[in-house]
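Okay, structure first, notes after.
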Amino acid sequence: SQTIHQWPATLVQPVGSPLSLECTVEGTSNPNLYWYRQAAGRGLQLLFYSVGIGQISSEVPQNLSASRPQDRQFILSSKKLLLSDSGFYLCASPRRGNTGELFFGEGSRLTVL
Amino acid sequence: KQEVTQIPAALSVPEGENLVLNCSFTDSAIYNLQWFRQDPGKGLTSLLLIQSSQREQTSGRLNASLDKSSGRSTLYIAASQPGDSATYLCAVRQGAAGNKLTFGGGTRVLVKP
């Protein structure tokens, strides 16, 4: 079956520290991959999407970057975290079979202090 | 630019009552619409996907309708149970290429025993 794994589930980091969140997908190949952020009091915001290895599109200017080193791996990074980077980060991918359905991982909660 | 609105933001009902959740969108040229459930601190679980050519979709006690011309979708949950307590999100997809979704702010539902 198709699954999305996100790691770590919870992270508390000081301002100015680096960040690396990992998303891996199983049960499919060459999927589109997406990073969304859900901040307190705000809706889900698309941050990055990738249609293949090394191909990254940024939806909003920000302190974060994304990379796709392997077909089923999507990484969200920052060199220096800001307080405003706190939030719940969700990785998503289309369901196999071209139904148009998007499904999500369990998320990574980041708190920047 | 597509905007998705969900009203009310929060809803509390006694167990057994039917739930009616509303979603409206400003651009009717959508590809599909998806309803999600989110439990506190968790990722999103896909509930129903309605293609733009469809009027409704059903799964168990859940029924979602779509009226593209008026820019509305409604999620009905019959005979609500305490386990239905969660936040419900709707999201629309604009085009066939890619799977970028625009989300509403969600409706937080509490079903009281």
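Chain letters run A, B, ... following the sequence lines, proteins first and then strands; every chain starts at 1.
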Count the heavy atoms belonging to other residues, nucleotides or ligands that lie under 6.0 Å from NZ of B:K68, then report whether that count exceeds 12.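 For B:K68, atom NZ is crowded (more than 12 foreign heavy atoms under 6.0 Å).
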Walk me through it: do A:L44 and B:L89 pass the test side chain to side chain contact (heavy atoms under 4.5 Å, CB included)? CA-CA 10 Å; A:L44 274 146; B:L89 296 145; 4.2 Å; yes
Taking a hydrophobic cluster as the set of Ile, Leu, Val, Met, Phe, Trp and Tyr residues connected by side-chain heavy atoms closer than 4.5 Å, whether directly or through intermediates, do [X] and [Y] fall within one such cluster?
{"X": "B:F36", "Y": "B:I77", "answer": "no"}
{"X": "B:L101", "Y": "B:L75", "answer": "no"}
{"X": "A:I75", "Y": "A:V25", "answer": "no"}
{"X": "A:I56", "Y": "A:L33", "answer": "yes"}
{"X": "B:L47", "Y": "B:L11", "answer": "yes"}

To the nearest 0.5 Å, how far apart are CZ in A:F103 and OG1 in B:T45? 11.5 Å
Rounded distance [0.5 Å steps], OH in A:Y36 versus CZ in B:F103: 5.0 Å
Anything in residues 106-113 of chain A with a heavy-atom distance to chain B below 4.5 Å? Please list those residues in order.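 Hits under 4.5 Å: A:E106, A:R109.
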Can you pull out the residues in residues 7-17 of chain A with any heavy atom less than 4.5 Å from chain B?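 Under the 4.5 Å heavy-atom cut-off, nothing qualifies.
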Does some side-chain heavy atom of A:L90 sit less than 4.5 Å from a side-chain heavy atom of B:L44?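 Result yes, sub-4.5 Å side-chain heavy-atom pair found.
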How close do A:F88 and B:Q38 get, heavy atom to heavy atom, and via which atoms? CE2-NE2, 3.7 Å
Please give me the minimum heavy-atom distance between A:L102 and B:Q34, naming the atom from each residue. O-NE2, 2.7 Å
A:E59 portion near chain B, given a 4.5 angstrom heavy-atom threshold: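 When you check distances to chain B, only side chain atoms of A:E59 fall under 4.5 Å.
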Sort A:Q45 into side chain, backbone, both or neither according to what part of it lies under 4.5 angstrom from a heavy atom of chain B.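 When you check distances to chain B, no heavy atom of A:Q45 falls under 4.5 Å.
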Contact leader toward chain A among B:G41, B:G105, B:G104, where contacts are heavy-atom pairs under 4.5 Å: B:G41
